[in-house]
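Note that the coordinates shown come from a computational prediction; the quantities given were computed from them, not determined experimentally.
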Amino acid sequence: MRQALNESRKAFDADEVPVGAVIVHKGEVIGRGHNQIKTLKDPTAHAEMIVITQASAHLENERLTDCVLYVTLESCAMCAGAAILARLKAIVFGAWDPKTGACGSVIDLTKPGLFNHTLEVQGGIMEAECRDILQKFFLAKR
């Protein structure tokens with residue numbers, strides 16, 4: 001999660017919503033990224049989408065069955081859906097997202113039995129640190 005937080009700081013410095021992510025496969029980081037929505041002018045350029053693409057390219061496989069996604073904010077519906085389609089083993093996230101969270105906050109797309117693939121979900125990891133950078137970002141915007 002510390003590496004995902006480092007990525008979120010890069011997003012903060014680029015005036016992007018500070019969300020960072022990494023994907024780990026057998027103890028090795030094979031994808032790292034942060035939100036780049038404004039930079040790339042792409043509404044799908046969430047940190048999770050970027051690292052899923054990187055990890056798939058690294059493994060030369062669209063299935064990421066032995067991989068864990070670490071992300072600083074609970075995934076939205078798009079990103080949770082992509083994690084399911086990629087067959088990730090697990091999502092581990094920092095801060096809960098009471099507005100768009102799709103891993104249990106607003107909706108739970110990761111609920112066992114809902115889709116043909118079930119992944120593990122663990123939230124609240126380093127929650128204070130992950131929440132703090134988001135709050136700092138949005139306070140500066142107001």
Side-chain angles (χ1 to χ4, degrees), residues 1-112 114-115 117-142:
M1 188 61 75
R2 291 194 192 291
Q3 290 188 45
L5 264 168
N6 288 339
E7 288 296 322
S8 73
R9 290 182 191 101
K10 292 177 186 177
F12 185 96
D13 292 343
D15 199 32
E16 296 274 2
V17 175
V19 176
V22 297
I23 288 184
V24 176
H25 177 255
K26 297 181 179 177
E28 176 190 1
V29 174
I30 61 169
R32 69 177 70 244
H34 54 274
N35 278 1
Q36 296 183 57
I37 296 161
K38 291 172 66 175
T39 302
L40 298 177
K41 313 263 186 288
D42 178 358
T44 69
H46 291 199
E48 298 98 321
M49 302 299 281
I50 291 167
V51 298
I52 287 170
T53 300
Q54 287 178 1
S56 295
H58 178 85
L59 294 178
E60 298 180 342
N61 195 328
E62 72 280 7
R63 305 275 171 128
L64 303 176
T65 53
D66 292 324
C67 297
V68 177
L69 167 66
Y70 293 86
V71 60
T72 57
L73 181 65
E74 179 183 4
S75 295
C76 69
M78 174 181 67
C79 296
I84 292 164
L85 293 173
R87 309 295 196 272
L88 283 167
K89 180 179 179 181
I91 298 174
V92 178
F93 66 87
W96 294 88
D97 186 348
K99 293 188 178 185
T100 63
C103 297
S105 286
V106 177
I107 59 172
D108 191 357
L109 294 180
T110 62
K111 180 180 175 183
L114 191 59
F115 294 103
H117 175 71
T118 300
L119 46 78
E120 300 167 29
V121 176
Q122 187 175 8
I125 306 303
M126 297 180 66
E127 183 174 9
E129 296 94 325
C130 295
R131 184 182 56 245
D132 288 349
I133 191 169
L134 287 159
Q135 288 177 337
K136 182 179 176 186
F137 178 81
F138 286 112
L139 282 172
K141 294 291 179 192
R142 293 186 178 112

Could you tell me which residues satisfy salt bridge (charged side-chain N to carboxylate O under 4.0 Å, His left out) with K141, sequence neighbours excluded, listed by chain and number? D15
Do you know the tightest heavy-atom contact between R32 and V51? C-CG1, 3.3 Å
Would you check if the side chain of T72 reaches a backbone N or O of C130 as a donor-acceptor pair within less than 3.5 Å? no
Heavy-atom pair with the smallest gap, counting every atom of P98 and S105: CA-CB, 4.2 Å
Could you state the interatomic distance from CZ (R63) to CZ (R87), rounded to the nearest 0.5 Å? 4.0 Å
Hey, which of D97, I133, L134 is the one that makes side-chain contact (heavy atoms from CB on, under 4.5 Å) with V19? L134
Give a yes or no on whether the backbone of V17 and the side-chain of N35 come within a donor-acceptor separation of less than 3.5 Å. yes
Ignoring hydrogens and angles, tell me if any N or O in the side chain of H117 forms a donor-acceptor pair with the backbone of L88 under 3.5 Å. yes
Which atoms form the tightest heavy-atom contact between H46 and I37, and what is the distance? CD2-CD1, 3.4 Å
Say whether, by atom type as modelled, one donor and one acceptor occur between the side chain of E74 and the main chain of C103 under 3.5 angstrom. yes
Going from CG on L64 to CG on L119, what distance comes out if it is rounded to the nearest 0.5 angstrom? 11.0 Å
Please check: side-chain N/O of E48 versus main-chain N/O of A83, any donor-acceptor pairing under 3.5 Å? no
Please give me the minimum heavy-atom distance between A4 and Y70, naming the atom from each residue. CB-O, 3.9 Å
In Å and rounded to the nearest 0.5 Å, what is the CD1 to CG distance from I91 to L109? 9.5 Å
What one should report as the nearest heavy-atom pair of M1 and V92 is CE-O, 3.7 Å
Set of salt bridge (charged side-chain N to carboxylate O under 4.0 Å, His left out) partners for E62, sequence neighbours left out: none
